[in-house]
> 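Here it is, the structure in full.
So you know, we letter chains A, B, ... as the sequences are listed, proteins then strands, and number each from 1. No experiment lies behind these values; they were computed from the predicted model shown. We use all heavy atoms of the structure for the numbers below, so side chains are in, but hydrogens, waters and symmetry mates are not.
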Amino acid sequence: MKTYQSRGFIQGSLIAAAALSMSACSINIPAAMSAAWSAAQESISQDTRTEHALEPAVEYRPRLELARAAFTAGHYGIAIDHLNAELAQRPASVAALNGLGASYDQLGRYDVAGKYYFQALELAPTSATTLSNIGFSYLLQHRYEEAAAVSQLALQYDTENKAAAANLLTAQTNQQSQPLTAEIVQSVSPADSAAEIPAEPRSWLVTLLSRQFKRLENLFMFAST
Amino acid sequence: MGTLLRIKTSVILLSLLAGCAGLPPGSLSLTDSLLSEARQAIDAGDLATALVKLRQLQSMDARSGDVLRLSARLHEQLGDTASLQAVHLQILENNPQDVQSLVWLGLQALRSSKLNVAADYLQQALTLDPYQWQALNGLGVIADNESRSMDAQIYFQRGLALIPGHPKLTANLGWSKVLTGELEEAEKLLRDALRTAPDVLATRSNLAWCIALQGRYEHALDLYAELYGQATAFNNVGYAAALRGDTLIAQHYLQQAISSRPSFYTKAANNLARIAPARIQR
């Protein structure tokens, strides 16, 4: 495969991009070379990279795509690596922040996930995708009331958001199930108390539904805000 | 001359064709397509592409609501506050009920300590959209600044009902509880906020103050020292001790502040002077 690692090519692209930004075109650098491009870009002096407006229209999708592929395959650590690299270059990337949140959610690090989601929300305060992801994170933590509230807010900003609708449904289902659970536990007679009572009798349902909605969430987490 | 004109015409035609090439026949208009591409570029942080698309859109219709909103998003990402303010005012000129612009202008006024202006914008936004958690947060901050902490807490709680666990709302509610003297609850809220936003200096500082006010001076000292260094830590904790009536402890810490950093003398010495009469009364 032909690679384009030469500094001259990159600088040429920068100049071309700056020139083209005045016209109606954008530059498309082939996806396959994006990694080589970004490696070479590190060697460019800082002064060519200070102005956002002069940055070339680089192919940014592949890194997110790689992250998404790793995430879907369950390789959350790899996804996090790709997303961190993306974030290092584009600190305002709502998609990368959401992806990091989703990845840490899958690793059970809800505190870290929350940190990224709320950073994303800071950048896009009415992003239904981010709100929906926060709702899903609460679902994973069995915080159903909070999950329902955030999912409802997500739907307020995007009534078509399927992930938020699904998360809301799951949250409401589990919220409704809780009083019933308490009743069952309270009605157990002392004689029966030796029998194993699951702490969360409906957790199998949560797990099952969560798996379904996890798939949905995967589809939407990188969606536009 | 004629050749040059022909070349220029060809370039313009090619540019237009390039813009249309990606469109499936009969689907989106050029404007919609450009808007969509620009939004996607902003979402992905590719601001150069977004800027190119925006320029194209502006050449077609600079005052369209969609183009202005896109321009606002882009300027926000670029951190260009002056242009952003101009764009939001323009958006409101077109549509006085644009909630996002009302919120942005309200929060900007709040940052500049123009509380009345901020309250006006944010109240309008909240009337139009009762789910506007940013407006609720802003109005809460304004209420706290005007010593209406009970009102502030209602705003923050309404915000938290919409987004439970939001670190900013949680931290602000925590600080409001510090102001009303509900220190244990305040500490819990500030710690909750720090779990999801551990790097926010204001929250960490407020937590240190909250802990100092509860008389856990050593703990507060550690937290403050981590943030501002020893001298400030001794001064702040000394001041908290003075407020609690622990005069001897206060005096000890304030003297420590002075010896840690002689340049700190005036501030700590003033605090020390303030507690002297209280000590005599004891």
> Do any of residues 129-136 of chain B come closer than 4.5 Å to chain A, heavy atom to heavy atom, and if so which ones, in number order?
B:D129, B:Y131, B:Q132, B:W133, B:Q134

> Got a list of side-chain donor-acceptor pairs under 3.5 Å for residues 155-163 of chain B, not counting sequence neighbours?
none

> Assess the side chains of B:Q58 and B:R55: does a donor N or O sit below 3.5 Å from an acceptor N or O?
no

> Are the side chain of B:S71 and the backbone N or O of B:V67 linked by a donor-acceptor pair below 3.5 Å?
no

> Taking the six-membered ring where the residue is Trp, are the ring centres of A:F71 and A:Y76 under 6.0 Å apart?
yes

> Taking B:S176 for the side chain and B:N172 for the main chain, is one N or O donor matched with an acceptor at less than 3.5 Å?
no

> If you tally heavy-atom pairs under 4.5 Å against chain A, which of B:P167, B:G79, B:S59, B:A197 wins?
B:P167

> Under 4.0 Å between a side-chain nitrogen and a carboxylate oxygen: does that hold for B:K188 and B:D192?
yes

> Pick one of side chain, backbone, both or neither for A:Y138, based on which atoms fall under 4.5 Å of a heavy atom in chain B.
side chain

> Please look at A:Y116 and chain B and tell me whether the side chain, the backbone, both or neither of the residue comes under 4.5 angstrom of a heavy atom of that chain.
neither

> With sequence neighbours left out, write down each residue that passes side chain to side chain donor-acceptor pair (under 3.5 Å) with A:S137, or none if nothing qualifies.
A:D105, A:Q141

> Can you pull the salt bridge (charged side-chain N to carboxylate O under 4.0 Å, His left out) pairs that have at least one residue in residues 122-144 of chain A, sequence neighbours excluded?
A:E122-B:K168, A:R143-A:E146

> Find the one option among B:D199, B:V103, B:T196 whose heavy-atom pairs under 4.5 Å with chain A are most numerous.
B:T196

> Select, from A:A92, A:A149, A:P125, the one with the greatest count of heavy-atom pairs under 4.5 Å involving chain B.
A:P125

